[in-house]
Structure formats: structure tokens, C-alpha cells
Peer 1: 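My questions will all concern the structure given below.
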Number of protein chains: 2
Amino acid sequence: MEKLSNIIFYNIDYSIRLYRMFAQKKLRENGFKITIDQWLVIKCILENPTITQHELSELVFKDNASVTRIIDLLIKAGYLEKETNPEDRRKQMLHVTETGEAIIKNVHEVVLQNRSKALNGINQEELEIADTVLRKIIANCK
Amino acid sequence: MEKLSNIIFYNIDYSIRLYRMFAQKKLRENGFKITIDQWLVIKCILENPTITQHELSELVFKDNASVTRIIDLLIKAGYLEKETNPEDRRKQMLHVTETGEAIIKNVHEVVLQNRSKALNGINQEELEIADTVLRKIIANCK
DNA sequence: TTGTAATAATTGATATATCAATTAAATTTT
DNA sequence: AAAATTTAATTGATATATCAATTATTACAA
């Protein structure tokens with residue numbers, strides 16, 4: 001146990017890092033000029049069109065500051081537009097452009113392939129147990 | 001399966017991120033002025049006194065560039081010293097100072113507590129399965 | 001209603017991640 | 001031995017992470 005409790009965090013860290021590099025590489029290979037994080041942010045906005053940046057940061061587990069900067073880049077890239085909410089001028093209304101919608105749609109297939117490749121040889125039962133363990137860690141660290 | 005294969009990466013990412021924040025907070029609370037990554041680097045050098053920066057980067061899953069910069073900071077902080085290897089002037093010899101050794105020793109207890117708290121309520125069997133799953137993901141993404 | 005507190009987003013500072021390019025030194029090839 | 005290749009480390013550029021501080025706005029409370 002002592003040994004494994006040491007190694008488990010090492011492997012959690014390693015696996016997600018490798019998966020991200022793997023996924024990012026596949027995106028690049030398919031000609032998509034977008035990072036995994038940027039893709040996730042656009043996806044969340046599409047699925048929650050009235051979301052605020054603060055809510056968004058909770059949804060994607062990122063700091064407010066990170067979200068502000070990712071959004072800046074997405075606007076620069078033409079995937080997103082921003083407008084002050086007239087109902088509450090502290091808030092911003094985020095709007096995914098057509099280009100933004102298109103890239104999400106096109107990237108989706110690659111994301112599914114990535115997940116499937118990364119989970120190759122893992123059965124449903126083990127996956128469920130792994131998920132349970134991760135959820136417990138999350139609860140313990142909150 | 002479709003749903004879980006979506007969520008599993010989300011939870012891997014979330015769990016390691018929360019654990020790192022949790023661990024970092026504990027270090028701060030105990031008055032240690034060091035980041036998790038810096039701690040890991042010093043620890044690896046102590047355990048492998050003749051290691052090169054390149055080997056180190058593989059050991060801690062970091063880019064050469066990141067390692068160079070982390071080492072710069074550790075030297076600035078007085079935890080590490082660096083000297084060109086006369087046998088091969090491309091290489092650097094890394095030496096942990098007494099201050100560096102001391103902080104590793106003192107931090108160790110906190111790290112053990114962190115791991116133990118984060119794994120609370122998880123039994124040996126589930127942990128082993130989770131580890132197996134992570135290893136498979138790692139192998140698949142390599 | 002005016003002052004205070006809370007909320008949303010931004011900005012600054014510093015650390016790390018990633019890729020590409022560069023420098024310096026050692027090794028291999030011709 | 002000179003040229004080409006490889007290796008080790010650094011540096012530059014850009015993206016993200018984290019914490020702290022700030023600004024603008026709204027909500028609340030005395």
C-alpha cells in the first residue's frame with residue numbers, strides 16, 4: 001500500500017499528461033489550430049449559451065484568470081465574440097461564431113477516436129472502479 | 001461506456017489538479033516555500049546524484065526546458081548548486097545543498113499525510129485496479 | 001440612501017508546459 | 001583530421017496555472 005499510494009499520483013499525473021499530448025498531437029496532425037483547453041471552453045459555451053465566465057471556470061476547473069485569457073485568445077482567433085450583458089454590466093455575454101461552431105463539430109470525431117484509442121484494452125468494470133477511485137480522491141481533496 | 005469514456009479523462013484531470021492544489025496548500029500552511037514540482041526535482045537528484053538534466057526530465061515527465069527553469073529557481077532559492085561536468089562539458093553536475101536536503105526531509109512527513117488523506121476510504125483492491133487502468137492509458141498514449 | 005459588502009471580470013507577477021531554434025561540446029563518419 | 005551528426009542544455013515565444021490585487025458594477029444593510 002505504501003508503495004502504491006506513492007505511485008498512484010505519479011501515474012494519474014503521467015497518464016493525463018500523456019493523454020493531453022497525444023490528443024493535442026492528433027489535433028495538430030488533422031490540421032486543427034486549437035488547443036484542448038480552448039476546445040473545451042468553446043464546447044462548454046455552446047452547451048451553456050448563457051454561462052458566465054465565472055461559471056465557466058468552475059465547469060472546466062480553471063481559474064477565472066485562465067478563463068479570461070483563453071477567451072481573449074479565442075476572440076483573437078475568431079472563434080468567439082464577447083459583449084457586455086446589459087442586464088448586469090459586470091457580466092459578459094459569450095457567443096460562439098460560425099467558425100467556432102464549425103471547428104468544434106470537426107474536432108469531435110478526432111476526440112472520440114482519441115478517447116477510444118487511449119482506453120483500448122480496458123473493460124467496463126475496471127473503468128468504473130477507476131472512476132470510483134478518482135471520485136473518492138476528488139472528494140477527499142475538496 | 002460512451003458516457004464514462006467521456007468522463008474518465010475529466011476525472012483524471014480533475015483529481016490530479018485538486019490533489020496538487022491540496023498538497024501545495026498543505027506545504028504552504030506548514031511554512032514550506034517550495035512547489036510540488038521543485039520538491040520532486042530535488043528528491044530525484046538526491047536519489048540519483050549523478051543524474052543529468054535530460055535524464056531528470058524523463059524521470060519527472062517534464063520538458064528539458066521546464067527542468068532548466070525549475071533548476072534555475074532552485075539555485076536561486078539556495079536548494080541546489082550546479083557545476084559543469086569536466087568529463088563532458090555539455091553536462092551539468094547537480095548538487096543538493098544542506099538547505100535543500102533539509103527541506104526535503106521536513107516536507108516528507110507532510111507529503112505522506114497528504115497522500116494518506118487523499119486516499120482515505122479507498123481499499124487496496126480498487127487502488128490496484130485504478131493503477132492498472134492508468135498504466136493501460138499510459139501504454140496506449142505512448 | 002448612503003456606505004458596505006459581494007460579485008464578475010481583468011490585470012500583474014511568477015511558475016510551469018510545450019515547441020522550436022540555438023549554442024556548445026562530444027561523437028561519428030568519411 | 002575535417003565535416004557532419006548527435007547530444008545536453010539553454011533561450012525564446014506562446015499558452016496555461018495560480019495567487020493577489022484591482023476595477024466596475026450590483027446587492028444589501030444600517
Side-chain angles (χ1 to χ4, degrees), chain A residues 13-14 16-29 33-42 45 50-77 79-80 82-94, chain B residues 13-14 16-29 33-42 45 50-77 79-80 82-94:
Chain A
D13 191 40
Y14 193 17
I16 195 64
R17 199 170 300 194
L18 270 186
Y19 175 70
R20 290 175 75 89
M21 288 174 67
F22 173 75
Q24 190 66 61
K25 194 179 158 212
K26 292 291 177 192
L27 287 190
R28 221 178 19 246
E29 282 173 5
K33 282 188 180 139
I34 192 169
T35 69
I36 307 284
D37 293 296
Q38 293 172 359
W39 174 78
L40 185 61
V41 165
I42 301 180
I45 296 170
T50 64
I51 200 169
T52 66
Q53 291 182 202
H54 179 66
E55 290 161 350
L56 192 53
S57 71
E58 289 178 344
L59 206 56
V60 299
F61 313 135
K62 287 178 194 301
D63 197 85
N64 278 335
S66 300
V67 168
T68 293
R69 282 154 190 155
I70 289 173
I71 284 174
D72 283 350
L73 289 173
L74 288 173
I75 291 170
K76 242 184 235 164
Y79 297 144
L80 218 62
K82 196 168 71 170
E83 204 184 337
T84 303
N85 187 334
E87 316 267 299
D88 183 341
R89 299 181 43 74
R90 291 171 301 182
K91 297 182 182 174
Q92 298 288 331
M93 297 187 305
L94 302 169
Chain B
D13 191 40
Y14 193 17
I16 196 64
R17 199 171 299 193
L18 269 186
Y19 175 69
R20 291 175 75 89
M21 288 175 68
F22 173 75
Q24 190 66 60
K25 192 178 160 214
K26 293 291 177 191
L27 287 188
R28 221 176 21 244
E29 281 172 6
K33 282 187 182 141
I34 192 168
T35 70
I36 307 282
D37 293 298
Q38 292 171 0
W39 174 80
L40 185 60
V41 165
I42 301 181
I45 297 171
T50 64
I51 201 169
T52 66
Q53 290 180 205
H54 178 67
E55 289 161 351
L56 192 53
S57 71
E58 289 180 342
L59 207 55
V60 299
F61 313 134
K62 286 178 194 303
D63 196 84
N64 278 335
S66 301
V67 168
T68 292
R69 280 153 190 154
I70 290 174
I71 284 174
D72 283 350
L73 290 171
L74 288 173
I75 290 171
K76 243 185 233 164
Y79 296 143
L80 217 61
K82 194 168 73 170
E83 203 184 338
T84 303
N85 187 333
E87 317 266 301
D88 183 340
R89 297 179 47 72
R90 291 171 304 182
K91 297 182 182 174
Q92 298 288 330
M93 296 186 306
L94 302 169

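Per chain, numbering begins at 1; letters A, B, ... match sequence-line order.
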Peer 1: Return the residues of residues 53-64 of chain A meeting this criterion: a heavy atom under 4.0 Å from some atom of DNA chain C. Order them by number, or give none.
Peer 2: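 Heavy-atom cutoff 4.0 Å gives Q53(A), H54(A), N64(A).
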Peer 1: Considering only NZ, NE, NH1 and NH2 on the basic side and carboxylate oxygens on the acidic side, decide whether D37(A) and R20(A) come within less than 4.0 Å.
Peer 2: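 Judged by the 4.0 Å cut-off on N to carboxylate O distance, D37(A) and R20(A) do form a salt bridge.
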Peer 1: Look at the side-chain N and O atoms of R89(A) and state whether any lies under 4.0 Å from the OP1 or OP2 oxygen of dA8(C).
Peer 2: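 Answer is no, no contact under 4.0 Å.
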Peer 1: Can any side-chain N or O of T68(A) pair as donor or acceptor with the backbone N or O of N64(A) at less than 3.5 Å?
Peer 2: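 Indeed, once roles are kept as given, a pair shorter than 3.5 Å links the two residues.
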Peer 1: Does a salt bridge link K76(A) with D72(A), judged by any charged N lying under 4.0 Å from a carboxylate O?
Peer 2: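 Between D72(A) and K76(A) there is no salt bridge, as every charged N stays at least 4.0 Å from the carboxylate O atoms.
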Peer 1: Quick check against the 3.5 Å criterion: does R89(B) have a side-chain atom that pairs as donor or acceptor with the backbone of T84(B)?
Peer 2: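 No, R89(B) side chain to T84(B) backbone: no donor-acceptor pair under 3.5 Å.
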Peer 1: Identify whether any heavy atom of Q24(A) sits under 4.0 Å from a base atom; if not, whether one sits that close to sugar-phosphate; answer base, sugar-phosphate or nothing.
Peer 2: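 Here Q24(A) touches no strand at all.
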Peer 1: I'd like to know if R69(A) reaches the base of dT18(D) with its side chain such that a donor and an acceptor end up less than 3.5 angstrom apart.
Peer 2: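 Check passes, donor-acceptor contact within cut-off.
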Peer 1: What is the nucleic acid contact for K25(B), judged by heavy atoms within less than 4.0 Å: base, sugar-phosphate only, or nothing?
Peer 2: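 Here K25(B) touches no strand at all.
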Peer 1: Quick check for you: among dA26(C), dA17(D), dA17(C), whose closest atom lies nearest to any side-chain atom of D88(B)?
Peer 2: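 Selected nucleotide: dA26(C).
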Peer 1: For N85(A) and dA24(D), what is the distance between atoms CG and P respectively, to the nearest whole Å?
Peer 2: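 So the two atoms are 18 Å apart, to the nearest Å.
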Peer 1: Ignoring hydrogens and angles, tell me if any N or O in the side chain of E55(B) forms a donor-acceptor pair with the backbone of T52(B) under 3.5 Å.
Peer 2: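 Here the side-chain-to-backbone pair exists.
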Peer 1: Need the bend value for the helix from dT1(C)-dA30(D) to dT30(C)-dA1(D): angle between end axes, 5 pairs each end, nearest 10°.
Peer 2: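 About 0° separates the two local helix axes.
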Peer 1: Please state how far atom CZ in R20(B) lies from atom C1' in dA15(C), giving the value in whole angstrom units.
Peer 2: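 Rounded to the whole Å, the gap is 11 Å.
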Peer 1: Could you pick out which residue, A65(A) or M21(A), lies toward the 5' side of DNA chain C when each is mapped onto its nearest nucleotide?
Peer 2: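 Checking each residue's closest nucleotide, the 5'-ward one belongs to A65(A).
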Peer 1: Looking only at the side chain of K82(B) (C-beta and beyond, no hydrogens), which of the listed nucleotides dA9(C), dT10(D), dA8(D) gets closest?
Peer 2: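 That would be dT10(D).
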Peer 1: Step through the shown structure and confirm whether more than 12 heavy atoms of other residues, nucleotides or ligands are within 6.0 Å of NZ on K25(B).
Peer 2: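 Counting other residues, nucleotides and ligands, NZ of K25(B) stays at 12 neighbours or fewer.
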Peer 1: Can you tell me if S66(B) touches the phosphate of dT18(C), counting only side-chain N or O atoms and a distance under 4.0 Å to OP1 or OP2?
Peer 2: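 Checking dT18(C) against S66(B), no side-chain N or O comes under 4.0 Å of OP1 or OP2.
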Peer 1: Taking for each residue the nucleotide of DNA chain C bearing the nearest heavy atom, is the 5' side occupied by K76(B) or by T68(A)?
Peer 2: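 Its nearest nucleotide being more 5', the pick is T68(A).
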Peer 1: Take atom CD of Q92(A) and atom P of dT10(C), then tell me their distance rounded to the nearest Å.
Peer 2: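 Checked: the CD to P distance equals 5 Å.
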Peer 1: Does the Q24(B) side chain pair with the main chain of I36(B), one donor and one acceptor, at a distance under 3.5 Å?
Peer 2: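 Checking the backbone N and O of I36(B) against the side chain of Q24(B), a donor-acceptor pair under 3.5 Å is found.
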Peer 1: Starting at CD1 of I36(A) and ending at P of dA17(D), how long is that distance when rounded to a whole Å?
Peer 2: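 Computing the I36(A):CD1 to dA17(D):P distance gives 12 Å.
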Peer 1: Within the 4.0 Å heavy-atom criterion, would you say R28(A) contacts the bases, only the backbone, or no part of the nucleic acid?
Peer 2: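 Sugar-phosphate, backbone atoms only, no base.
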